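Report on one structure; see the data block that follows.
Just so you know, ligand 1 is whichever comes first in the structure, and atom 1 is the first atom listed for that ligand. Computed from a predicted model, the values in this text were never measured in an experiment.
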Amino acid sequence: MDKLIITAAICGAEVTRAQTPYIPLTPEEIANEAFLSYKAGASIVHLHVRDEDGKPTQDVNVFKKVIGLIREKAPDLIIQVSTGGAVGMSAEERLQSIYSGTEMASLDTGTTNFGDDIFVNDMPLIRHFASKMAEVNVMPEFECFELGHISNALRVVKEGIINGHLHFDFVLGVPGACPADVRNLVRMADSIPSDATWTVAGIGKHEFEMAAIAIAIGGNVRVGLEDNIYISKGVLAKSNAELVENVVKIAKSIGREIATPDEARRILNIHRN
Ligand code: KMH
Ligand code: ZN
């Protein structure tokens, strides 16, 4: 089995200070959380950013600022910006983040219910985002909230828009989308090409259960305050690093080693810009 790639999803677009006082919002707070997660064992950070009021933004200048701050402290950490942004943002607004000097970006490969909202990712949008990422040499991570989203990702590959190594993130447990269940995870992992890699983001209380299964069967893991704000039942995580540390503990307990950022680059066949 390859070493374990841990992604830390630092703040997301939806989590508020009312839900947890530990959610980082300013560029400095986000960069510091990214650094602490890296020290704890994360090799990738999945980044959203916020504006001065703490609201989600896809402003490329804010991404550049945060990425600059992260690189001062953790120059080798792999940055993966979100192109999902927040529900209701326009496609062009969402896509700005790929022009920030990032190595990777999320590419959401299907429309889904997202709580009470609809997160829109139709095929023209998916193709457009994929081709723009290819143009600037940004590696996509296919975010799949449903089994059918894997088929959409494979369509853009078949159409020749995306080439190279394929990496998937199965986001399981979003209200309105595919539940976080071991059979669903295994079915999705069995549905991607045999030379592709995958990670799982279990949402809410499913975060560590999904992580443990992925660690055991050769997948990779995403954790972070974007996906889950609790370290255990009713106890808020004080930082993203605490969530990462817990994944490292589970991995070590069953003998799976943790990848450094450069080892993750080799596994994912990423070439730095
Ligand atoms: N905030 C969600 C609506 C991504 O980063 O690509 C979308 C999201 C997915 O977080
Ligand atoms: Zn995200």
> Can you list the atoms of ligand 1 that are under 4.0 Å from a heavy atom of Val87?
Replying inline: 3 (C)

>> Please list, in number order, the atoms of ligand 1 under 4.0 Å from a heavy atom of Glu14.
In response: 1 (N), 2 (C), 3 (C)

> Should you measure from each heavy atom of Phe119, which atoms of ligand 1 turn up under 4.0 Å away?
Replying inline: 3 (C), 7 (C)

>> If we ignore hydrogens and angles and just use 3.5 Å, is the side chain of Thr197 paired with the main-chain N or O of His167 as donor and acceptor?
In response: no

> Which atoms of ligand 1 sit under 4.0 Å from any heavy atom of Gly84?
Replying inline: 4 (C), 6 (O)

> Closer than 4.0 angstrom: is that true for some heavy atom of Ala9 and an atom of ligand 1?
Replying inline: no

>> Quick test: of every protein heavy atom, which one is nearest to atom 5 (O) of ligand 1, and how far off is it to 0.1 Å?
In response: Ser82 OG, 2.7 Å

>> At less than 4.0 angstrom from any non-hydrogen atom of Ser106, what atoms of ligand 1 do you find?
In response: 4 (C), 5 (O), 6 (O)

> Got more than 12 heavy atoms from elsewhere within 6.0 Å of CZ, Arg183?
Replying inline: no

> Can you tell which of Asp108, Leu47, Thr109 gets a heavy atom nearest to atom 9 (C) of ligand 1?
Replying inline: Asp108

>> Over 60° means perpendicular and under 30° means parallel, so tell me whether His48 and His46 are parallel, tilted or perpendicular.
In response: perpendicular

> For Ala86, is at least one N or O under 3.5 Å away from an N or O on ligand 1?
Replying inline: no

> Do we see a donor-acceptor contact under 3.5 Å between the side chains of Ser151 and Arg155?
Replying inline: no

> More than 12 foreign heavy atoms under 6.0 Å from CD of Glu159: is that the case here?
Replying inline: yes

> Just wondering, are more than 12 heavy atoms of other shown residues or ligands nearer than 6.0 Å to CD1 in Ile118?
Replying inline: no

>> Looking at Thr16, is its backbone amide N or carbonyl O close enough to the side chain of Gln19 to form a donor-acceptor pair, meaning the two atoms are under 3.5 Å apart?
In response: yes

> For ligand 1, which atoms sit closer than 4.0 Å to a heavy atom of Glu226?
Replying inline: 10 (O)

>> Using 2.8 Å as the threshold, say whether any N, O or S atom from Glu226 sits that close to the Zn ion (ligand 2).
In response: yes

> When the ring planes of Phe145 and Phe119 are compared, do they come out parallel, tilted or perpendicular, using 30° and 60° as the limits?
Replying inline: perpendicular

> In His46, what N, O or S atom is nearest to the Zn ion (ligand 2), if we give its atom name?
Replying inline: NE2

